[in-house]
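Both counts, for ligands and for their atoms, begin at 1 and track the order of listing.
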Amino acid sequence: MDKYLSVITNFGCHYKCPYCIVTNNNLQIPKSTIGGLDCLEDVLKENNCNIISLSGGGDPLHEYEKHIDWYRKFFSIVHRRNVYRNNKERQIPVEMHTSYMTDETSFPFYDCYRVVYHANSYEQLSHIKRTGREIVRVVFVVTENYTINDIMDIALFVKNSSDIDELSFRQMIDNNYEEQHYLEDYLRLGHQKLWWYIEQCDYNLYYCENRIYTEYKRIREEEYSL
Ligand code: SF4
C-alpha cells in the first residue's frame, strides 16, 4: 500500500477553475520558498512515504520558468531518496497535479511517475500528451452543468486515447467545504469500469513549507513559523 506525502505548493494560480476550493474557501496556503524544502528529506524518511504528490495551493506549474530553482532543489531531494515499491527498490516516484495541459508549460513531465491533469472541458483532452513513460491521468470535477452525455463523451475520448491512461471524476467542494453529489449514482455505476469515481477524503500527509499536516484545510499561513 502506497504512503503518499502530498507536497503543497503556492506559486500563485490562473484562478480559472470554476470549482476552485482555494479561492472559495479562503484557504491561506503559504507561498512556496526554496527554504521551505529544507525538511522534506527528513519528513519523507521519518514517515516512510514511498510516493510524493505535488499540488497546491495554486497550480504547482504556475509561472514554472520563474520557479525552476525550486524544482531543481525538489528533484535533487527526490533523486537521493530510494524507496521500496512493489518489492523493488527504486527512486521515490513523483505525481504531478496540474491544470496546465501538456502544451501550456515547458515543465518536463517525463520526470514524473504520473501526471494528473485537472481538466474542466472536453476540448482540453486533445492537449494532453504523454512526453515519456509517465502514467497520464485526467481528472474532472463534476459541476451542476455536467450531463450524462458529457461524462460519456469524456469517457469515450479517454478510452480511445493512446496518451491518456486513466480517468477520474470527483465532486465539487462548496464554500463551506462540503462535498456535492452531482450525477453521483451514475458516476458510481461506472466506477472501476470506465473511470474512477473518487469520493472526497483526506487520506494524505501534507507537507507545506517545512510543516506537516493531516488535513488540507488546516494548512494556513498563520500556522507557519520555523
Ligand atoms: S488550479 Fe487550483 S487553485 Fe488554481 S483555480 Fe484551479 S482549483 Fe483553484
Participant: Counting only heavy atoms not in K159, do more than 12 sit closer than 6.0 Å to its NZ atom?
Facilitator: no
Participant: Between the side chains of R130 and D165, is the shortest nitrogen-to-carboxylate-oxygen separation below 4.0 Å, so that they form an ion pair?
Facilitator: yes
Participant: Which atoms from ligand 1 have a heavy atom of S99 less than 4.0 Å away?
Facilitator: 1 (S)
Participant: Among G58, S55, C13, which residue places a heavy atom closest to atom 4 (Fe) of ligand 1?
Facilitator: C13
Participant: Hey, what's the ring geometry for Y71 with F74, parallel, tilted or perpendicular (30° and 60° as the breaks)?
Facilitator: perpendicular
Participant: Using heavy atoms and a 4.0 Å limit, tell me yes or no: is H14 in contact with ligand 1?
Facilitator: yes
Participant: Can a cation-pi geometry be assigned to R85 and Y113, taking NZ or CZ under 6.0 Å from the six-membered ring centre and within 45° of the ring axis?
Facilitator: yes
